Each structure stands twice: as C-alpha cells, then as structure tokens.
Amino acid sequence: MTGPPASDIVALRVPRIDVAADPVHADDPPRDPLALAASWLPGDGEERALMTLSTVDEDGFPRARTVMLTEFDGERFFFHTDAASRKVRELSLNPRVALTVLWPGFTHQLVVQGTAAVAEEDEIARAYAGRSDYLRQLAWLNTAEYARQPRARRERQWAAFAAANPHPAQPDGWIGYAVRPRRMLFWTSHPAAASRRLEYVREEGGGWICRHLPG
C-alpha cells in the first residue's frame, strides 16, 4: 500500500474514557450501535480514518489490508479501491467482510462484520472528488505493473504523471463498496478493571441484540 500524505489521514479523535459514562462499561448500554459508531468516527468534513479490511480469498483463507474508511453515512461503512485489485476479486466470490478500526493508544476499537455491496455511482464519484490530488493519482498508478518497476523509474513515472495531470479525473476502474453491518463490537479500555466488549447482532426485523463480552 502506498502511504498518502499525513493530511489525508485523520488523527482519530480519542473519545475520553469516563468509565462512569462510557457506553461499553455502562450497566444500561445504548440501543443503537450505529449512533454509537457515529459518535466515535470522524464526522462530515473531517479527514478519513484508516481501518483493516478483512476478506476471504479463493482458498478460504482470511486476507487483510489497510484501507481508508471513506465515509460512514449512519447506516453503511464505505471504502474505495481499484476494480482490478485482488480484494475486489475476492468480494465477487464472497462479499462477507470484517472492518477493524483501532484508536491511538489502544483505548478504543470498533469491529464490524457485514456484507459488502458495490456503492452507488454518485457516491463513488463524490468520494473520488473529495480526495486529494495525491490519492487521485494513486487510483491511476497503484497497479501491479507499476509496483514491479525499479524505484527510480517509479518516481520518474509518478512525477511525469503529476505534471501532466495536476487534477486527475476519475478512472474507469475505480470502484466503491458499502458495508452493511450485521455484527458490531465496541471495546474500550478500563484503567481500574478488566476491559470488556459490547456486542450488537442485527435481528431479522432490523433491531439489535446487545450483550457484554470479556475484553
């Protein structure tokens, strides 16, 4: 994975751990995990967070990589990538995924299990338009062919593309996915006791079953 400039990555705000008020440690946890996730994640206009995307490959083994959480619309978690990438091939065979967001200092963690579906075209276009020129160029050049080249050649090609395309248009092979969660796990540390997790599992009717798990 090519590392974007620091300005493209959010320094995730760390929710203050007030154990008396923390929902994970509360005796009466919140009923809506999506609202809880929204209170933890970057909001509109803030930089995007990084997360681990886990898929299942064609041999049945898990495969994980770091991607950007492009957007959370209150219901679905979005990420975007090259349509020719391995993860897209894996998603075409098995759309079940896991997303893991870890906060600095190992104070908070959110794990989402769900099903990924191709996002709407207008959402994909909006997400690309909101990216920095660096990330737009990455959508064009982050290929296997480019990766096989020697470093000096890659740097020359990168500079030449940037000079010729200061604001790269959206490539045809850029795609986005929306993950609708079926299971969500919230974890926060506890300085005076063992930590624990708050698990939500979606019911068929759309509601959520909540229970506490050991940390």
Side-chain angles (χ1 to χ4, degrees), residues 1-15 23 30 32-55 63-88 90-92 94-104 108-140 142 167-187 200 202 206 208:
M1 173 181 174
T2 303
S7 60
D8 288 314
I9 303 174
V10 63
L12 278 177
R13 62 176 183 269
V14 180
D32 185 359
L34 298 171
L36 178 55
S39 72
W40 282 18
L41 294 169
D44 293 340
E46 296 181 317
E47 298 292 346
R48 293 170 291 276
L50 294 179
M51 64 182 179
T52 299
L53 165 66
S54 300
T55 56
R63 185 175 292 274
R65 77 286 286 164
T66 302
V67 299
M68 283 189 176
L69 172 59
T70 309
E71 179 185 2
F72 175 59
D73 67 357
E75 293 285 341
R76 300 171 298 169
F77 298 78
F78 292 82
F79 64 92
H80 298 77
T81 188
D82 182 355
S85 66
R86 185 165 188 166
K87 52 183 166 293
V88 170
E90 292 167 353
L91 288 171
S92 69
N94 186 345
R96 294 171 179 167
V97 302
L99 312 173
T100 304
V101 185
L102 179 63
W103 272 254
H108 289 66
Q109 180 178 259
L110 169 62
V111 179
V112 176
Q113 289 179 315
T115 302
V118 176
E120 298 84 355
E121 290 185 5
D122 60 342
E123 192 282 332
I124 296 174
R126 184 175 66 253
Y128 185 84
R131 293 199 158 198
S132 68
D133 289 336
Y134 176 94
L135 292 179
R136 293 183 188 182
Q137 180 166 333
L138 188 63
W140 284 89
N142 195 21
H167 305 292
Q170 180 180 324
D172 292 337
W174 204 67
I175 193 170
Y177 285 87
V179 177
R180 185 174 187 269
R182 65 168 296 275
R183 181 172 181 259
M184 302 177 70
L185 278 166
F186 297 83
W187 174 92
Y200 293 87
R202 192 188 295 268
W208 297 89

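Remember, it's a predicted structure, so these values are computed and weren't measured experimentally. Along the sequence shown, residues are numbered consecutively beginning with 1.
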Worksheet item: Which heavy atom of Ala116 sits nearest a heavy atom of Leu91, and at what distance?
Response: CB-CD2, 4.1 Å

Worksheet item: According to the salt bridge (Lys or Arg N to Asp or Glu O under 4.0 Å) rule, which pairs have a member within residues 173-187, sequence neighbours left out?
Response: Arg183-Glu199

Worksheet item: Excluding sequence neighbours, so at least two apart, what forms side-chain hydrogen bond (donor to acceptor under 3.5 Å, both in side chains) with Asp133?
Response: His167

Worksheet item: What residues, two or more places apart in sequence or in another chain, satisfy side-chain hydrogen bond (donor to acceptor under 3.5 Å, both in side chains) together with Glu123?
Response: His80

Discussion item. Counting neighbours of CZ on Arg65 that are heavy atoms of other residues, nucleotides or ligands and sit closer than 6.0 Å, is the number greater than 12?
Written reply: yes

Discussion item. Looking at Leu110, is its backbone amide N or carbonyl O close enough to the side chain of Trp103 to form a donor-acceptor pair, meaning the two atoms are under 3.5 Å apart?
Written reply: no

Discussion item. I need the minimum non-hydrogen distance between Trp174 and Ala127, along with the two atoms involved.
Written reply: CH2-C, 4.2 Å

Discussion item. Just to verify, what does Arg126 make a salt bridge (Lys or Arg N to Asp or Glu O under 4.0 Å) with, not counting sequence neighbours?
Written reply: Glu71

Worksheet entry | More than 12 heavy atoms of other groups within 6.0 Å of Asp122 CG | yes

Practice prompt. Check side-chain contact (heavy atoms from CB on, under 4.5 Å) between Pro95 and all other residues, then give those that pass, not counting sequence neighbours.
Written response: Thr115

Fill in: Between CG on residue Leu53 and CG on residue Leu99, distance to nearest 0.5 Å
6.0 Å

Worksheet item: Do Tyr200 side-chain atoms and Phe186 backbone N/O form a donor-acceptor pair below 3.5 Å?
Response: no

Worksheet entry | Ala119 to Ile124 - nearest heavy-atom pair and separation | O-CD1, 3.6 Å

Worksheet item: Nearest 0.5 Å, what's the CZ-CG distance between Arg131 and Leu138?
Response: 7.5 Å

Worksheet item: How long is the span from the CG atom in Leu185 to the CD atom in Gln113, to the nearest 0.5 Å?
Response: 7.0 Å

Item to complete: List in chain and number order the residues that pass ring-ring contact (aromatic ring centres under 6.0 Å, His included) with Phe77, two or more places apart in sequence or in another chain; answer none if no residue qualifies.
Response: Phe72

Worksheet item: Among all residues two or more places apart in sequence or in another chain, which pass the side-chain hydrogen bond (donor to acceptor under 3.5 Å, both in side chains) test with Gln137?
Response: none

Worksheet item: Does the side chain of Val179 come within less than 4.5 Å of Phe79's, by heavy atoms?
Response: yes

Practice prompt. Find out whether Met51 and Val112 are in side-chain contact, i.e. whether some heavy atom of one side chain is under 4.5 Å from a heavy atom of the other.
Written response: no

Worksheet entry | Residues in salt bridge (Lys or Arg N to Asp or Glu O under 4.0 Å) contact with Arg86, at least two apart in sequence or another chain | Glu58, Glu90

Fill in: Considering all heavy atoms, the nearest Pro181-Met184 contact
CB-CG, 3.8 Å

Worksheet item: Is a side-chain donor or acceptor of Arg63 paired with a backbone partner of Lys87 at a separation under 3.5 angstrom?
Response: no

Response to the item:
Closest heavy-atom pair, Ala64 versus Thr52, reported as atoms and distance to 0.1 Å, is CB-CG2, 3.8 Å

Worksheet item: Listed by chain and number, what are the side-chain contact (heavy atoms from CB on, under 4.5 Å) partners of Val88, not counting sequence neighbours?
Response: Thr81, Ser85, Ile175, Tyr177

Worksheet item: Who pairs with Asp73 by salt bridge (Lys or Arg N to Asp or Glu O under 4.0 Å), at least two apart in sequence or on another chain?
Response: Arg76

Worksheet item: How far apart are the closest heavy atoms of Gln170 and Trp140, and which atoms are they?
Response: C-CZ2, 4.3 Å

Item to complete: Can you sort out the partners of Trp208 under side-chain hydrogen bond (donor to acceptor under 3.5 Å, both in side chains), two or more places apart, ordered by chain and number?
Response: none

Practice prompt. Carefully, step by step, assess Leu69 and Arg48 under the rule side chain to side chain contact (heavy atoms under 4.5 Å, CB included).
Written response: CA-CA 6 Å; Leu69 172 59; Arg48 293 170 291 276; 5.7 Å; no

